[in-house]
Number of protein chains: 2
Amino acid sequence: MKSRLSSSTEDYLKTIYAFTEWQDTPITSSQLATRLGVANSSVSEMVRKLKDMGLVDHRPYGAVHLTEEGLRVALTMVRRHRLLETFLVNDLGYSWDEVHVEAERLEHAVSDLFVERLAARLGNPERDPHGDPIPSASGDIPRIDAHRLSELDPGHEGTITRISDENPEMLRYLAHERIHLDTEVTVVRRKPFGGPLVVRVGQHGAARDFDVPDEVAEAVWVESTREHAGCTVGGS
Amino acid sequence: MKSRLSSSTEDYLKTIYAFTEWQDTPITSSQLATRLGVANSSVSEMVRKLKDMGLVDHRPYGAVHLTEEGLRVALTMVRRHRLLETFLVNDLGYSWDEVHVEAERLEHAVSDLFVERLAARLGNPERDPHGDPIPSASGDIPRIDAHRLSELDPGHEGTITRISDENPEMLRYLAHERIHLDTEVTVVRRKPFGGPLVVRVGQHGAARDFDVPDEVAEAVWVESTREHAGCTVGGS
DNA sequence: CCTACAATTTAGGCACACCGAAAAAGTGCT
DNA sequence: AGCACTTTTTCGGTGTGCCTAAATTGTAGG
């Protein structure tokens, strides 16, 4: 059980895991295909192989679940990816919108030794540059208590603790708008039907209002600063 | 001309280049096969493809030469490899016998951006941890005036400036014998017919004699400290 | 219940990089 | 020149991961 998986295999497992990281319905074949950028038929075939290898559970026409072993591999990949992103930003001066693609290639090439040396050198960080939790070598995930901006009610105050790294263009946009990790936000107005969600960004005098595009509201996660009775209502 | 070569292709070009780095007869198919650990038939096929891509010159049953473009790619790979090795040793605490394999995998995964950021961070070194010259981004190779230990005559004095990184076990052996880059050596006795080559290691009081195994004599390169009339005679 | 549509799987193929075995071409010796 | 031997190439075949097109299965609406 040491023989090294193909990088395709690693990508499948990582993608299956990623899908359930921030919500809990399991991924379907076609969603997997879309995320991996391959045809549905490729997924069918690969999922069968992963099942034969004992890395996923799957019954025909059903969703795909990781087995314990599959989860272990996926978490290893996630750890690699996020440590690499941290390294790229901290040590090589990458900006947060540049790191994803680079880490995506590197994560298949690094050894366990490399990863652990890197982690040590970085001070065993628990979060990557986008605020994503970095699983420990043993597979424990730092607890994070954040909610999507899109799910918060007006009046809610908090700090941005995670911004999805999937869309580099959005990250550049947010950087340009001076919105980043640890930025404090207050939800001003919830979008009524199709109108925009508005948040107040920054504190006190320096505060400004910001019209949150839908896509951003899904990508930005906020951790409450003030315990505010019913803070997490998620109207559809 | 940007479309990214397969890692196999990169390996072939790098291996062809490496063969002529320290001597000048060009590589044959079977030598290439041995070094790459593949069958001769695989090489024939791949060389044909490389030729079609304009990366090598080759006529049936002849040796394989890099074209200008092939050389450019090979030097890029060599640069990557050696910068990665330097990084692994300097920043991640790898020992020199551990870096080769790791760099071998990483060199196919890093981007040009990564390499240049890394080079800058390392201070644009001209030598890697084994003393191998690091080509510049534009493909210039730092000049090195060294000779194989096996080619030196008795009385010759010099400093070790390069040790081939191909055999990790030898590197561990040399480290154990406290022989490394910048170690000063004097050739004491040339091996007569099958007898051992002996060198004096270190200077003055701390000097000791060292019986050089054949393999080591081929792997260690020395740069002269004293201009010593006829110093480079290479008896067979 | 049964049909229409969407999701998934199966079938047949392709490109890549490899293999062993067999054929062909070069080389060296008399 | 001719023969033996080595090197290289050609040939048919493998495994992986991908594709398109054609079945199949699942599901929601009437």
Side-chain angles (χ1 to χ4, degrees), chain A residues 1-17 19-20 25-66 70 73-74 77 104-105 107-109 236, chain B residues 2-17 19-20 25-66 70 73-74 77 104-105 107-109:
Chain A
M1 42 165 76
K2 280 267 84 180
S3 57
R4 195 79 184 177
L5 303 166
S6 73
S7 69
S8 250
T9 301
E10 290 175 341
D11 277 338
Y12 275 81
L13 296 175
K14 195 185 60 160
T15 305
I16 295 164
Y17 171 78
F19 192 81
T20 36
T25 59
I27 198 167
T28 65
S29 288
S30 48
Q31 286 170 322
L32 197 40
T34 305
R35 304 214 157 204
L36 289 165
V38 300
N40 288 334
S41 52
S42 306
V43 171
S44 272
E45 195 179 330
M46 191 64 171
V47 165
R48 184 168 35 72
K49 287 183 197 165
L50 294 174
K51 194 186 167 192
D52 291 348
M53 292 191 274
L55 296 166
V56 304
D57 286 330
H58 178 245
R59 46 196 326 149
Y61 301 94
V64 184
H65 298 263
L66 292 174
V73 176
M77 296 315 295
E104 198 96 300
R105 262 175 301 110
E107 67 194 10
H108 303 297
S236 85
Chain B
K2 282 268 79 180
S3 59
R4 195 76 184 175
L5 303 166
S6 73
S7 68
S8 251
T9 301
E10 291 176 341
D11 277 337
Y12 274 80
L13 297 175
K14 194 184 59 159
T15 305
I16 295 165
Y17 172 77
F19 192 80
T20 37
T25 59
I27 198 167
T28 65
S29 288
S30 48
Q31 286 169 324
L32 197 39
T34 306
R35 305 214 157 203
L36 289 165
V38 300
N40 289 334
S41 52
S42 307
V43 171
S44 272
E45 194 180 330
M46 192 63 170
V47 166
R48 185 169 35 70
K49 284 183 199 165
L50 294 174
K51 193 185 165 192
D52 293 347
M53 291 189 276
L55 296 167
V56 303
D57 286 329
H58 178 244
R59 43 194 331 148
Y61 300 95
V64 184
H65 299 262
L66 293 174
V73 175
M77 296 315 295
E104 199 96 300
R105 262 175 302 107
E107 67 194 12
H108 303 297

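Letters A, B, ... mirror the listed sequences (proteins, then strands); counts begin at 1.
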Non-hydrogen atoms of [X] and [Y] that approach each other most closely:
{"X": "B/N40", "Y": "B/S30", "value": "OD1-CA, 3.5 Å"}
{"X": "A/E10", "Y": "A/M77", "value": "OE1-CE, 3.5 Å"}
{"X": "A/V43", "Y": "A/L32", "value": "CG1-CD2, 4.0 Å"}
{"X": "B/P26", "Y": "B/Q31", "value": "O-OE1, 4.2 Å"}

At less than 3.5 Å, do the side-chain atoms of B/S41 and the base atoms of C/dG20 form a donor-acceptor pair?
yes

Rounded distance [0.5 Å steps], [atom1] in [X] versus [atom2] in [Y]:
{"X": "B/M46", "Y": "B/L36", "atom1": "CE", "atom2": "CG", "value": "9.0 Å"}
{"X": "B/R4", "Y": "B/H108", "atom1": "CZ", "atom2": "NE2", "value": "9.5 Å"}
{"X": "A/T15", "Y": "A/D11", "atom1": "OG1", "atom2": "CG", "value": "5.5 Å"}

Just to confirm, is there a sub-4.0 Å distance from OP1 or OP2 of D/dC19 to any side-chain nitrogen or oxygen of A/S42?
yes

**Report entry** Minimum side-chain heavy-atom gap A/Y12-A/V38 below 4.5 Å
**Finding:** yes

Tell me: [atom1] of [X] to [atom2] of [N], nearest whole Å?
{"X": "A/E45", "N": "D/dT16", "atom1": "CD", "atom2": "P", "value": "10 Å"}
{"X": "B/R4", "N": "C/dC16", "atom1": "CZ", "atom2": "P", "value": "17 Å"}
{"X": "A/R48", "N": "C/dT9", "atom1": "CZ", "atom2": "P", "value": "10 Å"}
{"X": "A/D11", "N": "D/dT16", "atom1": "CG", "atom2": "C1'", "value": "14 Å"}
{"X": "B/D52", "N": "C/dA17", "atom1": "CG", "atom2": "P", "value": "13 Å"}
{"X": "B/L32", "N": "C/dC18", "atom1": "CG", "atom2": "P", "value": "10 Å"}
{"X": "B/H108", "N": "C/dA17", "atom1": "NE2", "atom2": "C1'", "value": "14 Å"}
{"X": "A/M46", "N": "C/dT10", "atom1": "CE", "atom2": "C1'", "value": "18 Å"}

Sorted by chain and number, sequence neighbours left out, side chain to side chain donor-acceptor pair (under 3.5 Å) with B/T9 holds for B/S6

For this session: Under 4.0 Å between any heavy atoms, over every strand shown, what does A/S8 touch: base, sugar-phosphate, or nothing? Just pick one.
Result: sugar-phosphate

Under 4.0 Å, heavy atoms only, any strand: does A/A39 hit a base, just the sugar-phosphate, or nothing?
base

Find every protein N or O atom lying less than 3.5 Å from an N or O atom of nucleotides 5-8 of chain D, and list the pairs.
residue : atom : partner : partner atom : Å
D/dT8   : OP2  : B/S30   : N            : 3.0
D/dT8   : OP2  : B/S30   : OG           : 2.4

Expected rows: protein N/O vs nucleotides 1-6 of chain C N/O, under 3.5 Å:
none

